[in-house]
Amino acid sequence: MSRVYNFSAGPAVLPEEVLREAAEEMMDYRGSGMSVMEMSHRSKVYDTIIKEAESDLRELMNIPDNYKVLFLQGGASQQFAMIPMNLMKNKKAAYIVTGQWAKKAWKEAQIYGDAVAVASSEDKTFSYIPDCSDLDIPEDADYVYICENNTIYGTKYKELPNTKGHILVADVSSCFLSEPVDVTKYGIIYGGVQKNIGPAGVVIVIIREDLITEDTLPGTPTMLKYKTHADADSLYNTPPAYGIYVCGKVFKWLKKMGGLSVMKERNEEKAKILYDFLDESKLFKGTVVKEDRSLMNVPFVTGSDELDAKFVAEAKAAGFENLKGHRSVGGMRASIYNAMPKEGVEKLVAFMREFEKNNA
Ligand SMILES: *Cc1c(COP(=O)(O)O)cnc(C)c1O
């Protein structure tokens with residue numbers, strides 16, 4: 001068996017310990033005589049798996065009792081529609097456009113009502129987070145929407161926007177569980193798990209209970225009402241059962257590692273290794289404003305498309321996979337999620353140093 005250092009933005013690296021445990025339990029989950037994949041989601045065994053996953057997540061994130069945790073399908077992208085369908089009572093919402101995912105969410109919301117872009121960083125190819133301390137938010141906006149960590153561009157809010165009393169909705173797909181958060185500041189926090197938590201196919205929605213109502217936009221399908229899933233504890237229909245099981249293992253791994261404040265320290269330490277090198281390098285350059293740098297996704301360029309391509313190819317041959325930047329940005333991007341070991345980042349930087357020397 002040989003494993004590479006996988007810098008993919010998503011689906012992405014998972015803790016080896018978790019993968020090994022899942023492999024061990026593949027044929028016979030703890031004496032049940034079957035794989036979790038083959039198991040009824042209504043069985044007692046599975047009920048324990050999903051309940052434990054939820055309680056471990058609650059513990060990790062310190063989720064208050066007046067928030068529901070939903071394990072849903074459809075990816076983060078389905079939430080782009082589900083959020084307005086469930087929350088746009090006044091048919092108005094404010095969007096902060098800091099990248100492609102925020103923009104997609106904003107466009108989708110326009111199908112359902114008046115989605116206003118109250119700030120954007122598109123003027124500088126989304127290389128910064130706009131000042132959100134005093135935005136012109138419509139009085140009757142049902143919510144303010146952000147993408148908290150911009151996976152493609154590598155920016156992250158270091159401070160949440162001043163929503164002026166409006167509900168905050170945040171897509172945290174690519175920074176989920178990377179550091180502690182104050183859940184009470186949000187109406188909804190959600191994310192696809194395939195970036196930092198588990199296998200694709202699960203999206204976790206943490207939603208304040210008073211936002212779960214029957215009062216959705218006319219025509220909202222049953223499956224797209226938060227209430228449907230909240231009332232059934234995420235078991236209205238067959239959930240992405242195996243994916244939730246792996247997420248549960250990652251939650252246990254995170255608890256064992258010491259929880260989210262320890263993860264934050266580790267992530268800061270890892271990111272610093274890479275950013276410090278980018279700041280001193282004469283060949284490689286980071287592409288975003290320093291203050292807004294993401295701890296999870298680190299885009300960089302050499303300034304030459306040819307050298308970029310050469311770097312990606314040579315890195316791949318050396319066991320560093322998926323370093324090519326998003327097709328919309330070019331260059332490189334190293335995603336260094338929770339499960340990327342520090343050693344992976346150190347070795348990448350050593351490789352970059354060597355490449356710089358050879359291509360000076
Ligand atoms: C990957 C990503 C998405 C899209 O996720 P899907 O599960 O593929 O729909 C949305 N938002 C962010 C921030 C992402 O990183």
Side-chain angles (χ1 to χ4, degrees), residues 6-14 70-85 93 95-109 111 115 120-122 125-129 143-158 160-161 168-179 181 186 188-207 223-224 229 239-240 242-244 246-247 250 267 287-288 292-299 322 324-329 333-340:
N6 180 6
F7 293 93
S8 170
V13 57
L14 287 171
L70 308 176
F71 296 101
L72 306 178
Q73 307 192 48
S77 300
Q78 181 152 287
Q79 294 305 309
F80 299 171
M82 213 163 153
I83 288 158
M85 283 175 145
Y95 279 72
I96 302 175
V97 184
T98 52
Q100 284 208 10
W101 295 119
K103 196 171 176 178
K104 279 191 173 165
W106 171 49
K107 294 268 181 224
E108 187 74 10
I111 299 173
S120 167
S121 53
E122 193 164 13
T125 41
F126 300 119
S127 57
Y128 69 103
I129 299 289
Y143 58 88
V144 175
Y145 182 100
I146 61 168
C147 177
E148 198 161 328
N149 183 79
N150 296 282
T151 325
I152 296 172
Y153 300 94
T155 57
K156 159 113 202 307
Y157 286 79
K158 299 293 154 79
L160 293 175
L168 180 64
V169 174
D171 174 357
V172 297
S173 295
S174 50
C175 59
F176 226 155
L177 302 180
S178 63
E179 58 183 276
V181 290
Y186 305 79
I188 295 181
I189 311 185
Y190 79 93
V193 305
Q194 74 273 25
K195 307 288 161 68
N196 205 17
I197 302 180
V202 184
V203 52
I204 297 175
V205 177
I206 300 160
I207 176 169
M223 276 292 287
L224 298 188
H229 300 285
Y242 192 80
I244 295 168
V246 177
C247 291
V250 172
N267 288 327
T287 56
V288 310
D292 301 328
R293 283 172 165 175
S294 165
L295 292 182
M296 298 281 101
N297 311 99
V298 184
N322 292 314
K324 195 169 187 297
H326 189 269
R327 55 194 176 335
S328 68
V329 201
R333 172 179 49 174
S335 294
I336 48 175
Y337 296 118
N338 284 341
M340 171 59 64

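Just so you know, ligand 1 is whichever comes first in the structure, and atom 1 is the first atom listed for that ligand.
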Exercise for the section: Using distance alone, with no hydrogens and no angle criterion, decide if Asn297 and Thr151 have a side-chain donor and acceptor under 3.5 Å apart. Expected result: no

Problem - Contacting atoms of ligand 1, where contact means under 4.0 angstrom from a heavy atom of Cys147 - result: 13 (C)

Completion exercise
Quick look: Ala9 vs ligand 1, heavy-atom contacts under 4.0 Å, and the answer is neither

Handout entry: For atom 9 (O) of ligand 1, closest protein heavy-atom neighbour
Key = Ser77 OG, 2.6 Å

Without placing hydrogens or testing angles, list every side-chain donor-acceptor pair under 3.5 Å for residues 70-77, not counting sequence neighbours.
from  : atom 1 : to     : atom 2 : distance (Å)
Gln73 : NE2    : Thr238 : O      : 3.0

Handout entry: Any side-chain heavy-atom pair of Tyr153 and Val329 under 4.5 Å
Key = yes

Practice task
Give the residue, atom name and distance (to 0.1 Å) of the protein heavy atom nearest atom 5 (O) of ligand 1.
Solution key: Ala76 CB, 3.5 Å

Handout entry: Enumerated ligand 1 atoms positioned under 4.0 Å from heavy atoms of Gln194
Key = 5 (O), 6 (P), 7 (O), 8 (O)

Exercise for the section: Name the closest protein heavy atom to atom 11 (N) of ligand 1, giving the residue it belongs to and the distance to 0.1 Å. Expected result: Asp171 OD2, 2.6 Å

Problem - Residue pair Val203 / Tyr190, side-chain heavy-atom distance below 4.5 Å - result: yes

Handout entry: Contact check, Gly10 vs ligand 1, heavy-atom distance below 4.0 Å
Key = no

Exercise for the section: Taking the side chain as every heavy atom from C-beta outward, state whether Lys107 and Lys103 have any pair of such atoms under 4.5 Å apart. Expected result: yes

Exercise for the section: Would you mind finding which of Trp101, Tyr190, Phe80 brings a heavy atom closest to atom 4 (C) of ligand 1? Expected result: Trp101

Practice task
For the residue pair Lys156 and Glu179, establish whether any side-chain heavy-atom pair is separated by less than 4.5 Å.
Solution key: yes

Problem - Element-labelled atoms of ligand 1 that are located less than 4.0 Å from some non-hydrogen atom of Ser173 - result: 11 (N), 12 (C), 13 (C), 14 (C), 15 (O)

Handout entry: Lys104 and ligand 1 - part of the residue with a heavy-atom distance under 4.0 Å
Key = neither

Problem - Residue Thr151 vicinity, atoms of ligand 1 by number, heavy atom under 4.0 Å - result: 12 (C), 13 (C), 14 (C), 15 (O)

Exercise for the section: Report yes or no: does a heavy atom of Gly192 sit under 4.0 Å from some atom of ligand 1? Expected result: no

Problem - Gln78 N/O under 3.5 Å from ligand 1 N/O - result: no

Problem - Residue pair Ile146 / Thr98, side-chain heavy-atom distance below 4.5 Å - result: no

Handout entry: Pro239 vs Ile244 side-chain heavy atoms within contact, under 4.5 Å
Key = yes

Handout entry: Straight-line distance of Asp171 CG to Ile189 CD1, nearest 0.5 Å
Key = 11.0 Å

Practice task
Tell me which protein heavy atom sits closest to atom 2 (C) of ligand 1, plus the residue, atom name and distance to 0.1 Å.
Solution key: Lys195 NZ, 2.4 Å

Exercise for the section: Starting at OG of Ser127, measure out to CZ of Arg293 and round the result to the nearest 0.5 Å. Expected result: 12.0 Å

Completion exercise
Here the atoms of ligand 1 under 4.0 Å from any heavy atom belonging to Gly75 are 7 (O), 9 (O)

